[in-house]
Number of protein chains: 2
Amino acid sequence: MRARLRAEMIDEIKAIARRQLATEGANLSLRAVARDLGIVSSAIYRYFPSRDDLLTALILDAYTALGDAVAAAEGAVERGDFGGRFLAICHAVRDWALANPHEYALIYGSPVPGYAAPADTVAVATRAVTILGGVIEDAARIGLLRYDDVLPPEVAGEVARIGEIIAPSVPIGALSRTLGTWLQLFGFVSFEIFGQLNNAVELPGPLFEHQMRAQARYIGLPLL
Amino acid sequence: MRARLRAEMIDEIKAIARRQLATEGANLSLRAVARDLGIVSSAIYRYFPSRDDLLTALILDAYTALGDAVAAAEGAVERGDFGGRFLAICHAVRDWALANPHEYALIYGSPVPGYAAPADTVAVATRAVTILGGVIEDAARIGLLRYDDVLPPEVAGEVARIGEIIAPSVPIGALSRTLGTWLQLFGFVSFEIFGQLNNAVELPGPLFEHQMRAQARYIGLPLL
DNA sequence: CCTCTGTCAAGAGCAGTGCTCTCTTATGAG
DNA sequence: CTCATAAGAGAGCACTGCTCTTGACAGAGG
């Protein structure tokens, strides 16, 4: 009963906070949120015990939104089209980031100063990369992604441990290449969102497309 | 005379602000800086007309410090060792970032909300990548880096324009690979600094070394 | 039907912030 | 030695996160 009203109130606060995020960034103001909501500032603390808790909620929402976007994009591609599934993931990440730059900054930018991410975030944070893991896992199972890159033992162990979680049957050579690709993907998106590409790149879109296609080839995912 | 005292004061303010940066991040407090300096808060405005100007100064300092670190590391490697020069650059970036995580966050993390980087920053910001450009330029001049990667026309133009600035004689195929490497480098460092690798990677150092060596091979820079 | 309890909003208040303004001091150039 | 100028001090404005107390209201138990 009243729990439903409470949930609606929480959603409303988060929606306004998200809007605030666009103009104020991570240091949004509880009082301004309260003002927009027609509520006195202290009332917000009935729903979020502190500003950090509001931020945590926004961060969790952002991770799940990104995960949903990636999952939807990848799920819409025919299972056998591994390159297509890979590209769908890449574009989903970039498109979501471009559409929600401040939420992207919240989760992939500088950590909020006093803020420490609670442990609940790690599960939801790894969803996107797990989906990529599924793609290379499927590709490896039908015999693709056979690389004999030689890794130093300590690196091999490190990569193997990651592989056990997201793609157990992928050889570590291909896994290491996939990791590099993941890093390049987020390097590109972060540079683009954070303005590091200004005055240097005019059309990031086609450049991104090309870089990711090159990475698909490098990993060994066939492009139709 | 008077100007020297003023310069010393500015340096002192920046030094204390940098220290503050470590604990408070980008939303450091002018009043706290003033307190640490034994000065009343309004006196700071004699030296920096606003908090953003202080941040700009810190950002410029950070870019030049990173540029210096990269230049020193790259300059210490024998000219003919292209792979070594490349790896020196990569490690210089990562080492500097690990040693100065908050300054790294200032320049490569989320942009400060109300803050807009003045045009002076772009020149100093491109120093590091320009040094990498010099390495592949030298390598290309002796006949390395011959790739026939085919790029879509609009991407080719984009990459060529970047190449004209940092490495005019490098074919765009290799240039595009270098760009991807640069993105991966900063993707790695950002993930490591911003905690995205926590609970996933135990020894980032060796993993970084391996990834960058793989990229050197991918670009075509010979490793001794 | 009444009372009692738990939830919510409101308001005041504390300590802190960036920034502006005015006043006072002292220092170095002429 | 004079005096314009630079620099610090202090008060004040509007804002922030957060706490505490007070008052209103709804629903459950007797």
Side-chain angles (χ1 to χ4, degrees), chain A residues 1-59 102 106 110-118, chain B residues 1-59 102 106 110-118:
Chain A
M1 288 296 163
R2 285 300 174 256
R4 172 173 299 168
L5 282 185
R6 187 180 172 81
E8 282 176 16
M9 194 71 176
I10 287 179
D11 281 351
E12 213 160 343
I13 291 175
K14 287 198 292 190
I16 294 184
R18 245 187 304 271
R19 219 177 305 149
Q20 280 262 330
L21 213 60
T23 67
E24 300 301 326
N27 45 6
L28 57 87
S29 146
L30 281 189
R31 290 178 116 110
V33 171
R35 248 194 317 272
D36 279 18
L37 212 113
I39 272 311
V40 86
S41 71
S42 57
I44 299 236
Y45 291 85
R46 298 279 168 195
Y47 302 94
F48 294 96
S50 84
R51 206 188 70 117
D52 276 7
D53 292 271
L54 213 196
L55 279 180
T56 300
L58 293 181
I59 288 173
H102 300 92
L106 204 56
S110 345
V112 183
Y115 177 80
Chain B
M1 292 299 152
R2 199 92 153 183
R4 174 174 297 168
L5 281 184
R6 186 178 172 82
E8 280 176 18
M9 194 70 175
I10 287 180
D11 281 352
E12 213 160 343
I13 291 176
K14 288 198 293 189
I16 294 184
R18 246 187 304 269
R19 220 178 304 147
Q20 280 261 332
L21 213 61
T23 67
E24 300 300 326
N27 45 6
L28 57 85
S29 145
L30 281 188
R31 290 177 116 111
V33 171
R35 248 193 317 270
D36 280 18
L37 212 109
I39 274 305
V40 86
S41 71
S42 58
I44 300 242
Y45 290 84
R46 300 278 172 198
Y47 303 95
F48 294 96
S50 84
R51 209 189 67 118
D52 277 7
D53 292 271
L54 213 197
L55 279 180
T56 299
L58 293 180
I59 288 173
H102 300 92
L106 205 56
S110 345
V112 183
Y115 177 82

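Since the model is a prediction, treat every value here as computed from it, not as a measurement. To find a chain, count down the sequence lines: A is the first, B the second, and so on, and within it residues start at 1.
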Enquirer: Might you point out which heavy atoms bring B:S29 and B:Q20 nearest each other, and give the distance in Å?
Expert: N-OE1, 3.8 Å
Enquirer: What is the nucleic acid contact for B:I44, judged by heavy atoms within less than 4.0 Å: base, sugar-phosphate only, or nothing?
Expert: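 Answer is nothing: B:I44 stays at 4.0 Å or more from every strand.
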Enquirer: Would you mind reading off the distance between B:L30 atom CG and C:dC19 atom P, rounded to a whole angstrom?
Expert: 6 Å
Enquirer: Touch check for B:F48, heavy atoms < 4.0 angstrom, all strands: base, sugar-phosphate only, or nothing?
Expert: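 Nothing, no heavy atom under 4.0 Å.
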Enquirer: Whole Å only: how far is the CG atom of B:L55 from the C1' atom of C:dG18?
Expert: 12 Å
Enquirer: Determine, step by step, whether B:S50 and B:D53 satisfy the side chain to side chain donor-acceptor pair (under 3.5 Å) criterion, reporting the C-alpha distance in whole Å, the side-chain angles of both residues, the deciding distance to 0.1 Å, and the verdict.
Expert: CA-CA 5 Å; B:S50 84; B:D53 292 271; 2.6 Å; yes
Enquirer: Before you tell me yes or no, could you show the steps for A:V33 and A:D36 under side-chain contact (heavy atoms from CB on, under 4.5 Å), namely the whole-Å CA-CA distance, both residues' side-chain angles and the distance that decides it to 0.1 Å?
Expert: CA-CA 5 Å; A:V33 171; A:D36 279 18; 5.9 Å; no
Enquirer: Rounding to an integer number of Å, can you tell me how far B:R51 CZ sits from C:dC19 P?
Expert: 7 Å
Enquirer: Yes or no on side-chain contact (heavy atoms from CB on, under 4.5 Å) for A:F48 and A:K14, after CA distance, side-chain angles and deciding distance?
Expert: CA-CA 10 Å; A:F48 294 96; A:K14 287 198 292 190; 3.9 Å; yes
Enquirer: Once you round it to whole Å, what is the distance between C1' of C:dT17 and CG of B:D52?
Expert: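 Rounded to the whole Å, the gap is 14 Å.
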Enquirer: Mind calculating the distance between CG (A:L28) and C1' (D:dG17) to the nearest angstrom?
Expert: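 My rounded result for the distance is 12 Å.
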Enquirer: Which heavy atom in B:R46 sits nearest to a heavy atom in B:R6, and how many Å separate them?
Expert: O-NH2, 2.9 Å
Enquirer: Could you state the interatomic distance from CG (A:L54) to CZ (A:R18), rounded to the nearest 0.5 Å?
Expert: 9.5 Å
Enquirer: Mind listing the residues from residues 31-40 of chain A sitting with a heavy atom below 4.0 Å of DNA chain C? Number order is fine.
Expert: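 Contacting residues: A:R31, A:I39, A:V40.
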Enquirer: Would the base of C:dA9 count as contacting A:S42 through its side chain, where contact means a donor and an acceptor less than 3.5 Å apart?
Expert: no
Enquirer: Locate the shortest heavy-atom distance separating A:R51 from A:N27; write the atom from each residue and the value.
Expert: NH1-CA, 3.3 Å
Enquirer: With a 4.0 Å limit, can you tell me whether B:R6 has a side-chain N or O closer than that to the phosphate oxygens OP1/OP2 of D:dA7?
Expert: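 Yes, because at least one side-chain N or O of B:R6 sits under 4.0 Å from OP1 or OP2 of D:dA7.
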Enquirer: Going from CG on A:L37 to OH on A:Y47, what distance comes out if it is rounded to the nearest 0.5 angstrom?
Expert: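 A:L37 CG to A:Y47 OH: 9.0 Å, rounded to 0.5 Å.
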Enquirer: Classify the side chain of A:S50 versus the base of D:dG17 as yes if they form a donor-acceptor pair under 3.5 Å and no if they do not.
Expert: no
Enquirer: Output the rounded distance in Å from CD (A:E24) to P (C:dT17).
Expert: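 Atom CD in A:E24 sits about 18 Å away from atom P in C:dT17.
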Enquirer: Does A:L28 form a side-chain contact (heavy atoms from CB on, under 4.5 Å) with A:L58? I'd like the steps, not just the answer.
Expert: CA-CA 12 Å; A:L28 57 87; A:L58 293 181; 4.0 Å; yes
Enquirer: What is the distance, rounded to the nearest whole Å, between atom CE of B:M9 and atom P of C:dT27?
Expert: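 For the pair B:M9 CE and C:dT27 P, the rounded distance is 14 Å.
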Enquirer: Can you name the atoms? Protein N/O to nucleotides 22-25 of chain D N/O, anything below 3.5 Å, with the distance.
Expert:
none

Enquirer: The side chain of A:Y45 is closest to which nucleotide in this list: C:dG18, D:dG17, C:dA9?
Expert: D:dG17
